[in-house]
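First listed ligand is number 1; within each ligand, the first listed atom is number 1. For clarity, every value in this text was computed on a predicted model and none was experimentally measured.
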Amino acid sequence: KNIAIFASGSGSNTENIIRYFRKNEAIQVSLVLSNRSDAYVLERAHRLGVPCNVFPKEDWMAGDEILAVLQEYHIDFVVLAGFLVRVPDLLLHAYPNKIINIHPALLPKFGGKGMYGDRVHEAVVAAGEKESGITIHYINEHYDEGNTVFQTACPVLPTDSPEDVAKKVHALEYEHFPRVIERVLCGE
Ligand code: GRF
């Protein structure tokens, strides 16, 4: 099975997932796509020997250019890891129930537009939440509302800063995301 990862940022989850499947015969990360030419994830993919490509915003609106590349690489499954662009309907229809996203909070709380990057952790702290966590879910036209695949929580202490929360959430991502992907792909 060939996975493509879409990422817009640093790519620590992308690196973690690539490394996890390196030893795996049945599953591999075959492609990394981004919407930003300065995204550090491209460095990581390059260093790890995974083909990567950048597409400008317009291409992410239409989707046909992207779909062509996914087909060229025989992609079976798409993983969003810190991807800040809406996936075009063309791709949603080409990959029904085959695109999952990770959200660094306990959806449905703290979901939706603008709740990405560390902003979500600031909102969690500001709201005085007792816990936060990660939600891995399928995506559909309404983005953060696709079916949840996996969710797990971490405590938020009154003394925690957004950075403290981010650190705990990242730890959950690195621990769980690759295994959840493996389970979804093997369970299919
Ligand atoms: C992660 O916290 C992820 O949950 C969120 O964006 C961040 C991506 O981090 N969607 P990285 O680019 O994988 O380091």
Side-chain angles (χ1 to χ4, degrees), residues 3-22 29-48 50-55 60 77-87 91-92 99-127 129 131-140 142-156 160-184:
I3 296 173
I5 300 180
F6 296 175
S8 306
S10 152
S12 64
N13 278 284
T14 298
E15 172 147 4
N16 184 47
I17 295 164
I18 291 171
R19 288 187 181 284
Y20 181 87
F21 287 111
R22 261 205 159 142
V29 178
S30 314
L31 181 65
V32 171
L33 298 184
S34 186
N35 59 307
R36 295 186 41 171
S37 52
D38 63 346
Y40 188 61
V41 65
L42 298 168
E43 286 288 309
R44 294 180 194 260
H46 190 73
R47 200 165 10 87
L48 292 160
V50 177
C52 51
N53 218 327
V54 186
F55 288 93
W60 287 104
F77 198 80
V78 175
V79 171
L80 310 184
F83 189 60
L84 303 181
V85 171
R86 197 191 177 294
V87 175
L91 296 187
L92 290 176
I99 308 180
I100 61 172
N101 178 45
I102 187 164
H103 186 79
L106 297 174
L107 290 178
K109 294 167 82 169
F110 304 100
K113 203 88 190 101
M115 278 299 165
Y116 51 76
D118 286 345
R119 222 168 285 172
V120 64
H121 306 308
E122 284 159 19
V124 164
V125 167
E129 294 292 321
E131 62 176 9
S132 190
I134 58 170
T135 307
I136 297 170
H137 60 96
Y138 286 104
I139 66 156
N140 58 25
H142 311 295
Y143 222 73
D144 283 347
E145 290 162 23
N147 293 341
T148 295
V149 173
F150 177 82
Q151 189 168 71
T152 188
C154 59
V156 176
D160 275 348
S161 68
E163 291 69 39
D164 295 325
V165 178
K167 236 199 294 293
K168 292 185 215 183
V169 168
H170 274 307
L172 291 179
E173 293 171 341
Y174 304 151
E175 182 188 349
H176 294 288
F177 203 4
R179 278 170 197 73
V180 169
I181 294 165
E182 188 172 30
R183 224 180 48 226
V184 168

Do any nitrogen or oxygen atoms of Tyr174 come within less than 3.5 Å of a nitrogen or oxygen of ligand 1?
-> no
Do you know which of Val85, Leu33, Asn35 makes side chain to side chain contact (heavy atoms under 4.5 Å, CB included) with Phe55?
-> Leu33
In terms of the angle between their ring planes, are Phe150 and His176 parallel, tilted or perpendicular, with boundaries placed at 30° and 60°?
-> tilted
When Ser10 is tested against each of Arg44, Glu15, Glu43 for side-chain hydrogen bond (donor to acceptor under 3.5 Å, both in side chains), which residue passes?
-> Arg44
At a 4.0 Å cut-off, with the gap strictly under it, does some heavy atom of Gly11 reach an atom of ligand 1?
-> yes
Go through ligand 1 atom by atom and flag the ones less than 4.0 Å from a non-hydrogen atom of Gly82.
-> 5 (C), 6 (O), 8 (C), 10 (N)
Any N or O of Asn13 that comes nearer than 3.5 Å to an N or O of ligand 1?
-> yes
Residues Ile5 and Ala81: closest non-hydrogen pair is CG2-CB, 4.1 Å
Mind running side chain to side chain donor-acceptor pair (under 3.5 Å) on His137 and Asn101 for me, showing each step along the way?
-> CA-CA 5 Å; His137 60 96; Asn101 178 45; 3.2 Å; yes
Short N or O distance, His103 and ligand 1, threshold 3.5 Å exclusive | no
